[in-house]
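In what follows, a single structure is set out as structure tokens and then discussed.
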Amino acid sequence: MSAFARFLNSETGPRTVHFWAPVLKWSLVIAGISDISRPAESLSGTQQIALFATGCIWTRWSLIIKPKNMLLASVNFFLGGVAGYQLTRVVNYRLAEGDSMPQVIDYIFNGAKKPEATTPAKVTDLVKDEKIVENLKK
């Protein structure tokens, strides 16, 4: 039997899901690599944590299951690596912005804080403050 025929008929060959699932999962790795050109503030911390965890867990799992699936292990290894790099970019960006480590962790898990909604009472206070400042300038 030729090497190609053995590959075609193997437990992890192209006639099984063990081949096509990892092949299609490479699109996540490619998307992560293309995100390297995006600014760090536009990356989702929770998404990168999910991809990092997926990569780590499934890399290990693909070496334990039978049949061992090296294609699945490789794609998950690279998925975890790319997500880990993106997380590092987010952390470094937030630290450069002056955040403390607890603030960075909060940012990664919860995203950017939304500005407070302006209520009519706050608008009234703001208008009063502006009038006081104008009177002081005179």
Side-chain angles (χ1 to χ4, degrees):
M1 185 180 277
S2 71
F4 181 74
R6 282 194 310 272
F7 165 70
L8 195 61
N9 296 317
S10 73
E11 293 177 314
T12 57
R15 293 184 177 174
T16 68
V17 71
H18 301 292
F19 176 82
W20 289 106
V23 166
L24 296 174
K25 199 170 190 177
W26 277 103
S27 64
L28 293 175
V29 176
I30 293 167
I33 291 170
S34 70
D35 283 349
I36 290 172
S37 62
R38 289 178 60 194
E41 65 267 16
S42 67
L43 296 173
S44 167
T46 51
Q47 179 183 21
Q48 298 308 321
I49 287 174
L51 291 172
F52 180 74
T54 298
C56 292
I57 292 167
W58 282 98
T59 297
R60 176 70 178 127
W61 183 250
S62 62
L63 298 173
I64 295 172
I65 60 174
K66 298 233 186 308
K68 280 188 182 178
N69 194 334
M70 298 310 286
L71 183 58
L72 184 62
S74 65
V75 71
N76 283 298
F77 176 80
F78 282 99
L79 181 64
V82 169
Y85 176 73
Q86 299 291 29
L87 276 173
T88 303
R89 287 184 58 217
V90 171
V91 168
N92 289 337
Y93 166 74
R94 296 308 302 179
L95 290 174
E97 291 290 309
D99 287 358
S100 65
M101 193 49 77
Q103 289 172 319
V104 170
I105 292 169
D106 181 59
Y107 176 82
I108 288 173
F109 283 103
N110 301 316
K113 298 288 183 209
K114 295 179 182 171
E116 285 186 31
T118 306
T119 62
K122 288 183 181 178
V123 172
T124 305
D125 292 342
L126 184 61
V127 171
K128 286 179 187 175
D129 291 342
E130 286 178 7
K131 287 182 181 177
I132 292 171
V133 170
E134 287 176 15
N135 288 335
L136 290 174
K137 287 182 180 177
K138 291 181 183 180

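Both backbone and side-chain heavy atoms feed into the values below; hydrogens, waters and symmetry mates do not.
- In this structure, Thr54 and Lys25 approach most closely via the heavy-atom pair CG2-NZ, 3.7 Å.
- Residues Ile36 and Tyr85 are in side-chain contact: their nearest non-hydrogen atoms beyond the backbone lie under 4.5 Å apart.
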**Study point:** From CA spacing to verdict: side chain to side chain contact (heavy atoms under 4.5 Å, CB included), Leu63, Met70
**Key:** CA-CA 7 Å; Leu63 298 173; Met70 298 310 286; 3.6 Å; yes

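- With rounding to the nearest 0.5 angstrom, the CG atom of Leu95 is 8.5 Å from the OG atom of Ser100.
- More than 12 heavy atoms of other residues, nucleotides or ligands shown are found within 6.0 angstrom of CZ on Phe19.
- For the atom pair CG of Asn69 and OG of Ser74, the computed distance is 8.0 Å after rounding to the nearest 0.5 Å.
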Check your understanding: Phe52 and Val82: side chain to side chain contact (heavy atoms under 4.5 Å, CB included), yes or no, with the steps?
Key -> CA-CA 8 Å; Phe52 180 74; Val82 169; over 6 Å; no

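- Between the CD atom of Gln48 and the OG atom of Ser44 there is a distance of 7.0 Å, given to the nearest 0.5 Å.
- Under the 4.5 Å side-chain contact rule for hydrophobic residues, Val29 and Trp58 share a cluster.
- The CZ atom of Arg94 sits 12.0 Å away from the CE atom of Met101 when rounded to the nearest 0.5 Å.
- The hydrophobic clustering, which links ILVMFWY residues whose side-chain heavy atoms are closer than 4.5 Å, places Ile33 and Phe77 together.
- Residue Trp61 qualifies as open at atom CH2: its count of foreign heavy atoms under 6.0 Å is 12 or below.
- In the hydrophobic clustering of this structure, Phe78 does not group with Leu24; members are Ile, Leu, Val, Met, Phe, Trp, Tyr whose side-chain heavy atoms approach within less than 4.5 Å, directly or through other members.
- Note: the hydrophobic cluster containing Val75 also contains Leu28 (ILVMFWY, side chain heavy atoms under 4.5 Å, direct or indirect links).
- A 4.5 Å side-chain heavy-atom check between Ile108 and Thr46 finds every atom pair outside the cut-off.
- In this structure, CD1 in Ile105 is found 11.0 Å from CG in Asn110, a value given to the nearest 0.5 Å.
- When the shell of 6.0 Å around CZ of Arg38 is examined, it contains more than 12 heavy atoms from other residues, nucleotides or ligands.
- Scanning both residues, Leu71 and Pro22, for their nearest heavy atoms gives CG-CB, 3.6 Å.
- To the nearest 0.5 Å, the span separating CG on Asn92 from CG on Leu87 amounts to 11.0 Å.
- Tyr93 and Val90 are not part of a single hydrophobic cluster, where members link through side-chain heavy atoms under 4.5 Å apart.
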